[in-house]
A.B. asks: 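Please read through the structure below; I'll follow up with questions.
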Number of protein chains: 2
Amino acid sequence: MKIDKSLVRSIPLFDRMSDADLDKFLGHAVSRRVPAGEAVFEQGAAATHFFLLLHGRLKVTQVTEDGQQIIVRVVHPGDLFGFAKALQRSDYPGTALAVSESIALRWPTELWPQFVDRNPRLAVTAMQTIGQRLEEAHTRIREMSTQEVERRVAHAVLRLANQAGRKEGSGVRIDFPISRQDIAEMTGTTLHTVSRILSAWEGKGLVEGGRQKLIVLDINGLAALADHVKE
Amino acid sequence: MKIDKSLVRSIPLFDRMSDADLDKFLGHAVSRRVPAGEAVFEQGAAATHFFLLLHGRLKVTQVTEDGQQIIVRVVHPGDLFGFAKALQRSDYPGTALAVSESIALRWPTELWPQFVDRNPRLAVTAMQTIGQRLEEAHTRIREMSTQEVERRVAHAVLRLANQAGRKEGSGVRIDFPISRQDIAEMTGTTLHTVSRILSAWEGKGLVEGGRQKLIVLDINGLAALADHVKE
DNA sequence: AGTCATCTTTGACATAGCGCAAACATCGGC
DNA sequence: GCCGATGTTTGCGCTATGTCAAAGATGACT
């Protein structure tokens with residue numbers, strides 16, 4: 001599939017790469033269209049490629065031995081993902097599932113070292129990316145350790161609105177299909193509890209819900225809920 | 001303070017470095033003795049150095065806005081720590097506190113790039129280290145999302161026994177002073193609950209407790225508790 | 001337009017584990 | 001050898017949240 005170069009250029013990681021380098025980089029890439037509901041790679045599979053999301057939205061999930069699922073993170077356009085090999089893993093630690101129709105570029109993991117070599121900025125970006133993820137993970141741990149469910153959900157929704165929000169009417173809509181179950185798996189609770197919480201918020205005019213839909217009407221109100229130490 | 005070179009050699013990261021390179025590396029290092037209870041660096045402080053723990057034990061903690069503390073991880077001898085700058089942060093995200101008398105080497109963060117340059121293995125090790133930490137963080141998130149407190153504590157204790165266990169009599173002793181409060185902060189619960197759980201375990205002969213002391217008597221029994229899906 | 005699968009809401013109920021409080025144990029210092 | 005500081009144990013009540021159950025909504029497909 002032909003690669004939309006201007007799309008790639010719009011990604012910070014590549015905006016200042018020389019045209020020659022970019023061509024070399026993209027020369028090895030394979031573009032793939034992933035329909036909603038399909039996996040880019042599966043947990044436990046051999047890490048043969050690393051990826052860059054150009055368009056769409058993925059969720060990375062892990063399943064525990066006893067069958068419970070959690071959402072590790074959401075992949076947004078411009079994000080590198082699946083570079084387990086760079087971290088010295090031989091298999092993917094999670095499953096990457098398209099939640100809406102997506103387009104991803106793919107490179108064989110063997111190329112990673114030479115890309116990094118040729119383009120130091122990539123190494124820095126990768127380090128940075130992982131650093132951020134580590135920080136996010138710690139934030140999540142901190143929240144799960146110290147906050148009640150409602151605040152955690154508030155934080156999660158705010159984060160989503162930030163990363164995947166699109167203005168719609170008087171509010172900000174989460175720009176991909178997301179279920180209560182998904183939110184539950186991101187915050188470590190059950191869909192029932194999430195449903196109750198969202199219903200309550202809807203009653204207070206903070207959000208507007210719907211099937212696989214979520215619109216934040218009052219960002220500040222939500223932020224207050226998320227930050228406010230209850231008294 | 002003079003650096004014990006054989007101690008450094010015993011760390012996997014350095015065991016195969018050439019003598020010349022090692023000398024160059026250590027030439028820039030400053031060794032510091034940290035008494036128990038003292039901090040190597042504090043959360044929020046400018047990240048001026050990165051470190052290597054030679055001896056002792058540290059806990060890295062974070063404090064939330066509302067004053068609650070969590071233990072992010074325990075640093076063992078041979079671990080690199082505090083390389084926030086490599087991850088493009090300007091300050092330390094947590095506080096590193098010695099829980100027993102420790103010795104740490106210290107380098108200015110500016111040297112990081114050139115060390116990595118001269119010694120590619122360091123870069124790989126660092127990447128690997130961060131990858132592991134990320135994985136650990138996800139494991140913890142998974143546990144906190146899906147398991148009850150008792151299983152989480154069991155996992156935490158097993159991990160400690162693995163990383164810091166020393167045979168003692170018929171059991172394995174956690175080889176540094178650790179309180180119920182600490183365990184609580186590692187597992188996202190309260191010291192009360194931890195105390196109850198440990199008391200129960202002691203009743204079953206799984207562990208032996210004490211002031212800032214913990215000895216695992218029955219690793220398998222504990223592992224069963226940690227893994228066994230309750231029915 | 002009807003059917004089915006999926007997602008959401010809501011209720012009733014059970015309980016794990018937290019908060020509070022007080023007694024108790026252990027250790028290091030004087 | 002006593003004292004104060006620090007850590008641990010235990011009881012009790014409460015409530016946030018999970019579990020179980022069932023009834024709506026919503027949208028996709030035929």
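A note on names: the letters A, B, ... follow the listed sequences, proteins ahead of strands, and every chain is numbered from 1. Keep in mind the model is a prediction, meaning the values are calculated, not measured. The figures here come from the full heavy-atom set of this structure, side chains too, leaving out hydrogens, waters and symmetry mates.
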A.B. asks: Each nucleotide in nucleotides 24-30 of chain D should get exactly one letter: B, S or -. Can you fill that in based on protein heavy atoms under 4.0 Å?
C.D. replies: -BBS---

A.B. asks: Under 3.5 Å, is there a donor-acceptor pair between the side chain of A:Arg140 and the main chain of A:Val72?
C.D. replies: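 Flag set: sc A:Arg140 to bb A:Val72 pair under 3.5 Å.
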
A.B. asks: Touch check for B:Gly210, heavy atoms < 4.0 angstrom, all strands: base, sugar-phosphate only, or nothing?
C.D. replies: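 Result for B:Gly210 = sugar-phosphate.
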
A.B. asks: Taking only residues two or more places apart in sequence or in another chain, which ones pass side chain to side chain donor-acceptor pair (under 3.5 Å) with A:Ser6?
C.D. replies: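 Side chain to side chain donor-acceptor pair (under 3.5 Å) list for A:Ser6, sorted by chain: A:Asp4.
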
A.B. asks: For B:Gln69, give me all partners under side chain to side chain contact (heavy atoms under 4.5 Å, CB included), at least two apart in sequence or on another chain.
C.D. replies: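 By the side chain to side chain contact (heavy atoms under 4.5 Å, CB included) rule, B:Gln69 matches B:Thr61, B:Val63, B:Glu185.
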
A.B. asks: Who are the side chain to side chain contact (heavy atoms under 4.5 Å, CB included) partners of A:His55, not counting sequence neighbours?
C.D. replies: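 Partners of A:His55 under the side chain to side chain contact (heavy atoms under 4.5 Å, CB included) test: A:Ile103.
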
A.B. asks: How is A:Ser199 classified with respect to the nucleic acid when contacts are heavy atoms under 4.0 Å: base, sugar-phosphate, or nothing?
C.D. replies: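 Answer is sugar-phosphate: A:Ser199 comes under 4.0 Å of backbone atoms only.
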
A.B. asks: Walking along DNA chain C from 5' to 3', note the first and the last nucleotide with an atom under 4.0 Å from a heavy atom of chain A, and give both.
C.D. replies: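 Using the under 4.0 Å cut-off, the span is C:dT6 to C:dA12.
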
A.B. asks: Do B:Ser102 and B:Leu53 have side chains that get closer than 4.5 Å, going by heavy atoms?
C.D. replies: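 Yes. Closest side-chain heavy atoms under 4.5 Å.
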
A.B. asks: How would you label the contact of B:Ser179 with the nucleic acid (heavy atoms, under 4.0 Å): base, sugar-phosphate, or nothing?
C.D. replies: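 Sugar-phosphate only.
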
A.B. asks: Determine whether B:Phe41 and B:Phe51 satisfy the following criterion, ring pair (Phe, Tyr, Trp, His ring centres under 6.0 Å), listing intermediate values before the conclusion.
C.D. replies: CA-CA 10 Å; B:Phe41 54 77; B:Phe51 305 83; 5.4 Å; yes

A.B. asks: List the atom pairs, donor and acceptor, that lie under 3.5 Å between side-chain atoms in residues 195-214 of chain A and the rest of the protein, sequence neighbours left out.
C.D. replies:
unit_1	atom_1	unit_2	atom_2	d
A:Ser199	OG	A:Ser195	O	3.0
A:Trp201	NE1	A:Glu150	OE2	2.9
A:Glu202	OE2	A:Gly209	N	3.3

A.B. asks: Under the ring-ring contact (aromatic ring centres under 6.0 Å, His included) rule, collect the residues that match up with B:Phe50, sequence neighbours excluded.
C.D. replies: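 Once residues adjacent in sequence are excluded, the partners of B:Phe50 under the ring-ring contact (aromatic ring centres under 6.0 Å, His included) criterion are B:Trp107, B:Trp112.
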
A.B. asks: Holding to side chain to side chain donor-acceptor pair (under 3.5 Å), I want the full list of residues that pass it with A:Ser179, two or more places apart in sequence or in another chain.
C.D. replies: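 Here the qualifying residues are A:Asp182.
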
A.B. asks: Using rotation axes that map the C1' atoms of four end pairs onto the next four (five pairs an end), what angle separates the end axes of the helix from C:dA1-D:dT30 to C:dC30-D:dG1, to 10°?
C.D. replies: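 Inter-axis angle at the ends, rounded: 40°.
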
A.B. asks: Apply the test salt bridge (Lys or Arg N to Asp or Glu O under 4.0 Å) to residues B:Arg151 and B:Glu143: give CA-CA distance (whole Å), side-chain angles for both, the deciding distance (0.1 Å), then the verdict.
C.D. replies: CA-CA 8 Å; B:Arg151 283 182 71 189; B:Glu143 288 180 359; over 6 Å; no

A.B. asks: Enumerate donor-acceptor pairs with a distance under 3.5 Å from any side-chain N or O in residues 89-99 of chain A to protein atoms, sequence neighbours excluded.
C.D. replies:
unit_1	atom_1	unit_2	atom_2	d
A:Arg89	NE	A:Asp91	O	3.1
A:Arg89	NE	A:Asp91	OD1	3.4
A:Arg89	NH1	B:Glu135	OE1	3.2
A:Arg89	NH1	B:Glu135	OE2	2.6
A:Arg89	NH2	A:Asp91	OD1	2.6
A:Tyr92	OH	A:Thr48	N	3.4
A:Tyr92	OH	A:His49	N	2.9
A:Tyr92	OH	A:His49	O	2.5
A:Thr95	OG1	A:Gln43	N	2.9

A.B. asks: Can you confirm whether A:Phe81 sits close enough to A:Leu52 that some side-chain heavy atom of one is under 4.5 Å from a side-chain heavy atom of the other?
C.D. replies: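 In short, these two side chains do not touch, never coming nearer than 4.5 Å.
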
A.B. asks: Using whole Å, report how far CG of B:Leu191 lies from P of D:dT8.
C.D. replies: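 Distance check: B:Leu191 CG to D:dT8 P gives 8 Å.
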
A.B. asks: Would you kindly give the CD-to-P distance between B:Gln181 and D:dT8, to the nearest whole Å?
C.D. replies: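 Between P of D:dT8 and CD of B:Gln181: 9 Å.
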
A.B. asks: By side chain to side chain donor-acceptor pair (under 3.5 Å), which residues pair with A:Glu38, not counting sequence neighbours?
C.D. replies: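 If we apply the side chain to side chain donor-acceptor pair (under 3.5 Å) test to A:Glu38, skipping adjacent residues, the hits are A:Arg32.
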
A.B. asks: Shorter than 3.5 Å, N or O on both sides, protein versus nucleotides 14-20 of chain D: list them out with atom names.
C.D. replies:
unit_1	atom_1	unit_2	atom_2	d
D:dT17	OP1	A:Val149	N	2.8
D:dG18	OP1	A:Thr189	OG1	3.2
D:dG18	OP2	A:Thr189	OG1	2.6
D:dG18	OP2	A:Thr190	OG1	3.4
D:dG18	OP2	A:Thr193	OG1	2.6
D:dT19	O4	A:Arg196	NH2	3.2

